[in-house]
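Proteins come first, then strands; the chains are lettered A, B, ... in the order of their sequence lines, and each starts at number 1.
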Number of protein chains: 4
Amino acid sequence: MNNRSIKTFVMCPRSKEQYKEIRKIKQDLISKTALELFAENGFHHTTINSIAQKTGISNGLLYNYFESKEDLLKKIVSKGINEIITSFDNNKNDILTKDEFIHYIKENFNIIKNNLKFWKLYIAIIIQPPVLKIVKNEILNFSAPGLKKLENYFTAQGVKNPVAETKLFSSIMDGVQINYVIDSENFPLEDVINLIILKFCC
Amino acid sequence: MNNRSIKTFVMCPRSKEQYKEIRKIKQDLISKTALELFAENGFHHTTINSIAQKTGISNGLLYNYFESKEDLLKKIVSKGINEIITSFDNNKNDILTKDEFIHYIKENFNIIKNNLKFWKLYIAIIIQPPVLKIVKNEILNFSAPGLKKLENYFTAQGVKNPVAETKLFSSIMDGVQINYVIDSENFPLEDVINLIILKFCC
Amino acid sequence: MNNRSIKTFVMCPRSKEQYKEIRKIKQDLISKTALELFAENGFHHTTINSIAQKTGISNGLLYNYFESKEDLLKKIVSKGINEIITSFDNNKNDILTKDEFIHYIKENFNIIKNNLKFWKLYIAIIIQPPVLKIVKNEILNFSAPGLKKLENYFTAQGVKNPVAETKLFSSIMDGVQINYVIDSENFPLEDVINLIILKFCC
Amino acid sequence: MNNRSIKTFVMCPRSKEQYKEIRKIKQDLISKTALELFAENGFHHTTINSIAQKTGISNGLLYNYFESKEDLLKKIVSKGINEIITSFDNNKNDILTKDEFIHYIKENFNIIKNNLKFWKLYIAIIIQPPVLKIVKNEILNFSAPGLKKLENYFTAQGVKNPVAETKLFSSIMDGVQINYVIDSENFPLEDVINLIILKFCC
DNA sequence: AATGAATGAGCTTTCATTCAT
DNA sequence: GATGAATGAAAGCTCATTCAT
């Protein structure tokens with residue numbers, strides 16, 4: 001008679017809630033591990049087995065939670081983007097004030113700072129055509145409203161060519177993010193942010 | 001005796017020079033084809049067979065000119081970078097004037113415009129950690145002098161924080177290039193270039 | 001304490017009989033579901049999970065009733081065959097009269113008609129060598145007495161070559177059954193049965 | 001200097017014809033081996049590796065000749081059916097005479113006799129729903145004209161219900177073939193054929 | 001009796017690379 | 001120089017079965 005039998009005489013299956021929790025925990029664990037490996041080694045150089053091994057599960061279990069390797073990537077990106085959307089959502093459609101715009105810039109980089117690995121992956125994805133296809137929709141849905149808001153802001157500020165200004169600004173954000181993500185230790189992020197504010201708010 | 005043998009029999013033996021030239025031509029052909037496929041489909045989604053087929057040679061022959069798939073990538077990137085270094089080399093180490101700086105910006109984008117496919121590949125590469133390792137040295141050797149030159153320019157212009165200014169400027173160049181390369185048709189490059197000049201030269 | 005536990009607490013302990021009956025019901029339910037899926041999709045394309053899901057139980061529970069997937073198949077075939085034997089069993093070993101023979105033919109097809117799914121599976125099984133091995137014994141035990149009875153009948157009727165006649169007759173039954181099972185809607189079963197009777201009873 | 005170098009000083013690739021022949025031979029070899037294994041063990045119990053091993057090639061090479069395991073099956077069935085069609089094709093659309101009908105029956109079984117393995121596979125296929133889907137079209141195109149010819153024959157012979165007669169006859173052919181294929185050694189084929197002729201030609 | 005998470009062997013398929021010709 | 005048949009390691013994925021609860 002083993003420990004288990006002593007504990008409970010009649011064995012009962014776990015409740016629906018317990019199973020749900022187990023699933024949630026494992027799913028998050030796999031996502032987290034996969035994100036790290038994808039960001040570190042790239043999507044194609046990361047094998048399902050390596051994800052399973054690092055997570056401490058069997059490779060089969062992964063397919064209990066994700067339909068395929070691509071689905072795993074999709075879900076990771078979706079989740080990451082959703083978190084950002086949520087943190088950004090100030091539920092008002094008014095045009096930004098200058099202070100809000102500055103706050104927007106700073107907040108943007110704060111998020112990057114706090115999710116460096118995710119952004120490494122995100123950038124790697126948007127640049128790789130075949131991988132991009134997999135998550136294109138998720139990304140478009142995410143970035144479109146922000147870009148519109150920016151354009152409205154620049155228009156309201158009386159900028160000559162708001163479309164170009166928006167493209168430049170978002171390109172700058174991309175470029176700075178990429179360079180920061182690639183080598184965050186040697187990148188003077190604060191100084192660069194202040195320079196951006198200087199160049200776009202005066 | 002088939003046609004091929006007849007042809008071989010009739011033809012004069014080629015000189016060393018001729019052989020070398022033929023090698024060069026074929027090598028360039030393979031490089032060009034591979035670059036297109038890499039840029040279009042990504043490194044991993046491009047097979048050696050597809051390169052061989054598009055080039056019109058056998059896959060075996062490819063290994064007569066390149067040691068491996070990675071070697072092919074390395075050589076393509078090296079070659080592309082060298083071409084750019086050459087076209088940039090104004091063989092003087094003086095500090096740039098404002099006009100030269102403006103010319104530098106414009107020239108930079110001209111090169112991108114004329115080698116869109118290469119830059120698509122280049123950007124895809126610098127972002128992917130494991131692929132980057134393969135060509136890291138080539139890239140570093142290429143970009144370092146340019147960055148120093150920029151920093152010297154900003155210092156001479158009396159900019160407050162030349163290091164941050166350089167980082168921002170090169171980040172902008174990266175960001176704009178990426179966005180232009182990703183969707184060149186919808187990117188108002190001229191307008192954006194003028195905006196950059198406006199923001200960095202006044 | 002969740003709903004389930006409350007229920008368990010309030011309910012009286014079931015008698016041995018009740019438990020046995022519950023087992024029987026559940027076992028039949030699983031068998032029936034599996035039969036349908038096997039017949040529809042084939043043995044290998046039917047997963048244990050799909051059977052469990054369609055039955056409305058957990059996959060683990062299935063192994064409480066059947067030792068393995070193969071055992072499940074075996075039990076289904078056994079059961080189906082036994083039902084037929086029972087329905088055929090006229091518990092007399094006398095030689096068939098002509099009327100009884102005609103009744104035998106008609107009854108045979110009636111059974112098929114009423115168990116179309118089972119026969120679809122049955123036919124699929126007898127034809128597939130490795131699956132056949134699993135249920136070979138059950139099938140042989142079932143068909144042998146019937147074949148002997150047929151041979152005796154033909155012998156009694158004064159047929160020249162009763163062995164060949166029996167083989168042909170049982171082959172016909174198989175062939176007609178297969179073609180009926182494959183596409184029952186477009187098969188003129190009644191007409192064909194009458195033709196068989198015509199060709200074998202005159 | 002090895003044997004090869006002694007033989008020919010300048011190494012030449014094989015001619016297109018040689019390559020084509022190599023392909024043809026290997027393809028046939030793989031088909032033949034796969035047919036045997038499919039017939040013996042069933043489609044699902046036959047692994048690509050076992051086919052490769054028995055053929056004496058690497059598993060990868062198989063994919064040089066066949067797109068997939070399903071494609072291999074399809075090609076085997078197509079080829080087998082085509083051979084039969086060819087051997088049957090008497091390039092006249094006239095209605096069969098009684099002698100030709102008898103010859104048709106005998107010829108049919110001759111073909112089965114000479115391709116026992118293929119027919120084992122063929123029968124296993126037509127009975128298994130999911131495998132059938134893969135080769136349905138090939139089979140339909142093959143059997144339709146023969147059935148029409150039969151119906152015309154029976155109509156011309158003044159049979160009461162030619163549709164039912166055709167269905168019965170083809171069912172008999174199927175049934176006999178199946179029983180013969182399953183256990184050819186104990187099946188009195190000649191006697192059974194004569195019985196069929198007796199029952200359908202008088 | 002009942003649950004469903006977890007396992008892992010085994011499958012099909014891909015593709016950079018080699019090598020006889 | 002040139003060919004393409006051939007290799008085989010390694011990948012993603014499936015699913016019958018087990019087991020803690």
Side-chain angles (χ1 to χ4, degrees), chain A residues 2-5 7-8 10-16 18-20 22-23 26 44 46-50 52 57-70, chain B residues 4 8 14 19 22-23 26 44 46-53 57-65 67-70 72, chain C residues 4 8 14 19 22-23 26 44 46-53 57-65 67-70 72, chain D residues 2-5 7-8 10-16 18-20 22-23 26 44 46-50 52 57-70:
Chain A
N2 56 28
N3 287 337
R4 206 160 35 74
S5 344
K7 210 166 149 195
T8 48
V10 178
M11 283 301 132
C12 292
R14 294 186 184 85
S15 69
K16 289 258 190 259
Q18 281 175 306
Y19 280 127
K20 212 173 165 184
I22 289 172
R23 285 186 74 84
K26 277 282 150 69
H44 286 105
T46 305
T47 67
I48 291 288
N49 278 342
S50 73
I57 60 165
S58 65
N59 58 358
L61 187 60
L62 204 145
Y63 288 88
N64 223 319
Y65 296 108
F66 302 93
E67 280 168 24
S68 64
K69 198 185 172 189
E70 287 202 353
Chain B
R4 203 161 34 74
T8 310
R14 293 187 183 86
Y19 274 122
I22 290 172
R23 268 192 83 84
K26 207 151 262 187
H44 285 104
T46 305
T47 67
I48 290 286
N49 276 344
S50 72
I51 298 171
Q53 196 172 14
I57 61 163
S58 65
N59 57 358
L61 186 57
L62 205 145
Y63 286 86
N64 221 318
Y65 294 104
E67 280 168 26
S68 66
K69 199 184 173 189
E70 288 202 351
L72 175 56
Chain C
R4 205 161 33 75
T8 311
R14 292 190 185 85
Y19 273 123
I22 291 172
R23 269 192 82 84
K26 206 150 261 185
H44 284 105
T46 304
T47 66
I48 290 287
N49 276 345
S50 73
I51 298 170
Q53 196 172 13
I57 61 165
S58 65
N59 58 358
L61 186 58
L62 205 145
Y63 285 85
N64 221 317
Y65 294 104
E67 279 168 26
S68 66
K69 199 185 173 188
E70 288 202 352
L72 175 56
Chain D
N2 56 29
N3 285 338
R4 206 158 36 74
S5 346
K7 210 167 152 195
T8 47
V10 176
M11 283 301 133
C12 291
R14 296 185 183 85
S15 69
K16 288 259 189 260
Q18 280 175 306
Y19 280 128
K20 211 174 165 184
I22 289 172
R23 285 187 74 85
K26 276 283 150 69
H44 286 105
T46 305
T47 66
I48 291 288
N49 278 342
S50 74
I57 60 164
S58 65
N59 58 357
L61 187 59
L62 203 146
Y63 288 87
N64 223 320
Y65 296 108
F66 301 93
E67 279 168 25
S68 64
K69 198 184 171 188
E70 288 202 353

Practice task
Could you check which of F/dT7, E/dG4, E/dA16 has an atom nearest any side-chain atom of A/Lys16?
Solution key: E/dG4

Exercise for the section: Name the pairing partner of E/dT13, where a pair is Watson-Crick or G-U wobble with both distances under 3.5 Å, or state none. Expected result: F/dA10

Exercise for the section: Could you please name the option among E/dT17, E/dC11, F/dG1 that lies closest to any side-chain atom of D/Thr47? Expected result: E/dC11

Practice task
Please check the phosphate of F/dA5 (OP1 and OP2 only) for any side-chain N or O of D/Arg14 closer than 4.0 Å.
Solution key: no

Exercise for the section: Kindly say if B/Tyr63 contacts the phosphate of F/dA2, meaning a side-chain N or O under 4.0 Å from OP1 or OP2. Expected result: no

Fill in the blank from the handout: note: B/Arg23, atom CZ; F/dA2, atom C1'; distance rounded to Å ~ 12 Å

Practice task
Please state how far atom CD1 in D/Ile22 lies from atom C1' in E/dC19, giving the value in whole angstrom units.
Solution key: 13 Å

Handout entry: Interatomic distance where CD belongs to A/Gln18 and C1' belongs to E/dA5 [whole Å]
Key = 12 Å

Exercise for the section: Could you please name the option among E/dA6, F/dT14, E/dT13 that lies closest to any side-chain atom of D/Asn59? Expected result: E/dT13

Exercise for the section: Heavy atoms only: give me the nearest C/Lys69-C/Thr46 pair and the separation to one decimal. Expected result: NZ-O, 2.7 Å

Completion exercise
Atom CG of A/Leu62 and atom P of E/dG8 are separated, to the nearest Å, by 15 Å

Fill in the blank from the handout: Nearest heavy-atom approach of B/Leu62 to B/Ala52 is CD1-N, 4.3 Å

Practice task
Using atom CD1 of B/Ile57 as one end and atom P of E/dT17 as the other, report the distance to the nearest whole Å.
Solution key: 14 Å

Problem - Residue pair C/Leu61 / C/Lys26: nearest heavy atoms and the distance that separates them - result: CD2-CD, 4.1 Å

Completion exercise
Scanning all shown strands, the Watson-Crick or wobble mate of E/dT3 with both distances under 3.5 Å is F/dA20

Problem - More than 12 heavy atoms of other groups within 6.0 Å of B/Gln53 CD - result: no

Fill in the blank from the handout: DNA chain F nearest-nucleotide lookup for B/Asn49 and B/Tyr65: closer to the 5′ end is B/Tyr65

Completion exercise
Nearest heavy-atom approach of C/Tyr63 to C/Ile48 is OH-CG1, 3.7 Å

Practice task
May I ask you to evaluate whether B/Lys26 reaches the phosphate of F/dG1, defined as a side-chain N or O under 4.0 Å from OP1 or OP2?
Solution key: no

Practice task
Using a heavy-atom cut-off of under 4.0 Å over every strand shown, decide if B/Leu61 touches base, sugar-phosphate, or nothing.
Solution key: base

Handout entry: D/Tyr19 OH to E/dC19 C1', straight-line distance once rounded to whole Å
Key = 10 Å

Handout entry: Short side-chain N/O contact to E/dT3 OP1/OP2 from C/Ser58, under 4.0 Å
Key = yes

Exercise for the section: Specify the separation, in whole Å, of atom NZ of B/Lys69 and atom C1' of E/dT17. Expected result: 12 Å

Practice task
Calculate the interatomic distance between D/Ile48 atom CD1 and E/dT14 atom C1'; express it in whole Å.
Solution key: 13 Å

Exercise for the section: Could you tell me whether D/Thr46 contacts a base, only the sugar-phosphate backbone, or nothing, with contacts defined as non-hydrogen atoms closer than 4.0 Å? Expected result: sugar-phosphate

Handout entry: Candidate nucleotides E/dA1, E/dT13, F/dA6, ranked by approach to the side chain of C/Asn64 - the nearest
Key = E/dA1

Practice task
Kindly indicate whether the side chain of C/Asn64, heavy atoms from C-beta on, has any atom under 4.5 Å from the side chain of C/Arg23.
Solution key: yes

